[in-house]
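Along the sequence shown, the residues carry numbers beginning at 1.
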Amino acid sequence: MNNNLVLVCILTTVIHFISIISLSSKIVGTRTRRVASSSSIFNIIALTAQFSGSIQAPLLTKSIENTIISGLEPNEFLFRSIIFCATLGCTLGAFAIPTTHRFMAKGVQALYENNSIIGVLMKSFRKKTFYHFKESVSLPQKENFTRLKQYKDLYLKLIFMNILVYSFITVSVLSCLYAGYLNPNLRTTSLSLSGIAVGLGSVGMLLFIEPYHGTLTDKVIDGTVKEAYFRRHLTYIILARILGTVLGQLLYIPLAWIIVTIAERL
């Protein structure tokens with residue numbers, strides 16, 4: 001695996017790591033009672049994932065394009081390695097959530113007092129910030145795992161939807177690229193469908209999943225829903241997204257065939 005592909009794997013890990021720790025904004029929002037400020041802080045983190053994605057895509061596309069031009073067989077190990085990195089990023093993100101929400105709670109308070117993201121970023125380079133981060137470092141407690149036994153009162157349909165939607169988001173671009181192997185003459189058309197594929201996953205996330213998370217967060221703040229229930233819900237959502245990346249190992253080739261079929265009929 002050359003340096004570009006190693007970088008692709010690293011970027012994939014970073015993107016999915018950030019995707020998971022972004023769920024910490026819900027916890028920070030309920031603890032500080034400042035949901036909008038929490039979202040603003042985590043939007044800065046999300047920019048890192050977007051920037052990583054903008055670097056990842058052309059590197060991966062170039063590598064696959066060179067393989068197709070050379071007439072080589074599809075490198076399934078590469079695709080599966082990238083999906084594995086997505087699973088790794090989600091898993092690392094799950095273990096980082098306790099540290100993230102403890103550390104970012106201070107940032108939310110600073111934003112509330114300063115009314116400026118730039119001001120918060122400037123102050124974050126002080127020595128005091130590093131001490132606060134050291135104090136915030138924590139691994140998931142045993143209770144986070146024992147909560148998995150209590151699931152009957154959760155919205156299980158939404159949890160299963162997270163598995164499906166996140167698996168689709170994980171492999172949609174990869175499937176479009178793999179479709180280029182299945183029909184090299186239509187590889188440009190197949191790649192152009194990646195925007196639609198990612199868009200469908202994003203629509204599923206925005207229409208069905210995020211609204212529920214948002215309203216559940218508000219209900220925790222106003223006392224309608226207990227925080228213990230909310231934490232159990234998030235624990236299952238994190239597990240669902242990890243399982244979604246694992247499911248991606250099974251879906252990316254069938255989805256590639258669907259994309260080729262669509263490209264042939266356009």
Working note: Thr217 + Val225, criterion side chain to side chain contact (heavy atoms under 4.5 Å, CB included); need CA distance, chi angles, decisive distance, verdict.
CA-CA 9 Å; Thr217 303; Val225 173; over 6 Å; no

Roughly how far, to the nearest 0.5 Å, is [atom2] of [Y] from [atom1] of [X]?
X      : Y      : atom1 : atom2 : value
Cys85  : Ile10  : SG    : CD1   : 8.5 Å
Tyr178 : Ser190 : OH    : OG    : 13.0 Å
Ile209 : Leu164 : CD1   : CG    : 9.0 Å
Phe95  : Ile21  : CZ    : CD1   : 15.0 Å
Leu158 : Tyr236 : CG    : OH    : 14.0 Å
Met205 : His213 : CE    : NE2   : 8.5 Å

Does any part of the side chain of [Y], heavy atoms only, come nearer than 4.5 Å to the side chain of [X], both counted from C-beta?
X      : Y      : value
Leu11  : Val8   : no
Thr170 : Leu251 : no
Lys157 : Tyr155 : yes
Lys219 : Phe230 : no

Checking [X] side chain against [Y] main chain: does a donor-acceptor pair fall under 3.5 Å?
X      : Y      : answer
Thr224 : Val220 : no
Ser19  : Ile15  : no
Ser192 : Thr189 : yes
Thr12  : Ala86  : no

Show the atom names and distances, to 0.1 Å, of all donor-acceptor pairs under 3.5 Å that link a side chain in residues 258-266 to residues at least two apart or in another chain.
residue, atom, partner, partner atom, Å
Thr261, OG1, Trp257, O, 2.9
Glu264, OE2, Asn183, ND2, 3.2

Give the minimum heavy-atom separation between [X] and [Y], together with the two atoms involved.
X      : Y      : value
Ser172 : Leu255 : CA-CD2, 4.1 Å
Leu234 : Leu23  : CD1-O, 4.2 Å
Val137 : Thr99  : CA-OG1, 3.4 Å

Please tell me whether [X] and [Y] are part of a single hydrophobic cluster in this structure, the criterion being side-chain heavy atoms less than 4.5 Å apart.
X      : Y      : answer
Leu206 : Leu216 : no
Ile238 : Ile163 : yes
Phe84  : Leu174 : no

When you look at Arg187 and Tyr181, which way does the side chain to side chain contact (heavy atoms under 4.5 Å, CB included) test go after all the steps?
CA-CA 7 Å; Arg187 61 182 182 272; Tyr181 286 117; over 6 Å; no

Set out, in order, the CA-CA distance, both residues' side-chain angles and the distance that settles side chain to side chain contact (heavy atoms under 4.5 Å, CB included) for Ser24 and Met104, then state yes or no.
CA-CA 9 Å; Ser24 299; Met104 296 308 297; over 6 Å; no

Check this for me, if you would: do Arg232 and Glu227 make a salt bridge, where the nitrogen-to-carboxylate-oxygen distance has to be below 4.0 angstrom?
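No, Arg232 and Glu227 are not salt-bridged.
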
Determine whether Phe17 and Val14 satisfy the following criterion, side chain to side chain contact (heavy atoms under 4.5 Å, CB included), listing intermediate values before the conclusion.
CA-CA 5 Å; Phe17 175 84; Val14 169; 5.5 Å; no

Other residues, nucleotides and ligands only: do more than 12 of their heavy atoms fall within 6.0 Å of OH on Tyr229?
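Yes - once you tally the heavy atoms of other residues, nucleotides and ligands closer than 6.0 Å, there are more than 12.
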
Which pairs of donor and acceptor atoms, one on a side chain in residues 239-250, lie under 3.5 Å apart (sequence neighbours left out)?
residue, atom, partner, partner atom, Å
Arg241, NE, Asn162, OD1, 3.2
Arg241, NH2, Asn162, OD1, 3.4
Thr245, OG1, Thr87, OG1, 2.7
Thr245, OG1, Ile242, O, 2.6
Gln249, OE1, Arg80, NH1, 3.2
Gln249, NE2, Arg80, O, 3.2

Determine the interplanar angle of the Tyr166 and His16 rings, folded into 0 to 90°, and report it as parallel if under 30°, tilted if 30 to 60°, perpendicular if over 60°.
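Judged by the thresholds at 30° and 60°, the geometry between Tyr166 and His16 is perpendicular.
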
Taking the six-membered ring for Trp and the single ring otherwise, decide whether the centroids of Tyr212 and His233 are under 6.0 Å apart.
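Centroid separation for Tyr212 and His233: below 6.0 Å.
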
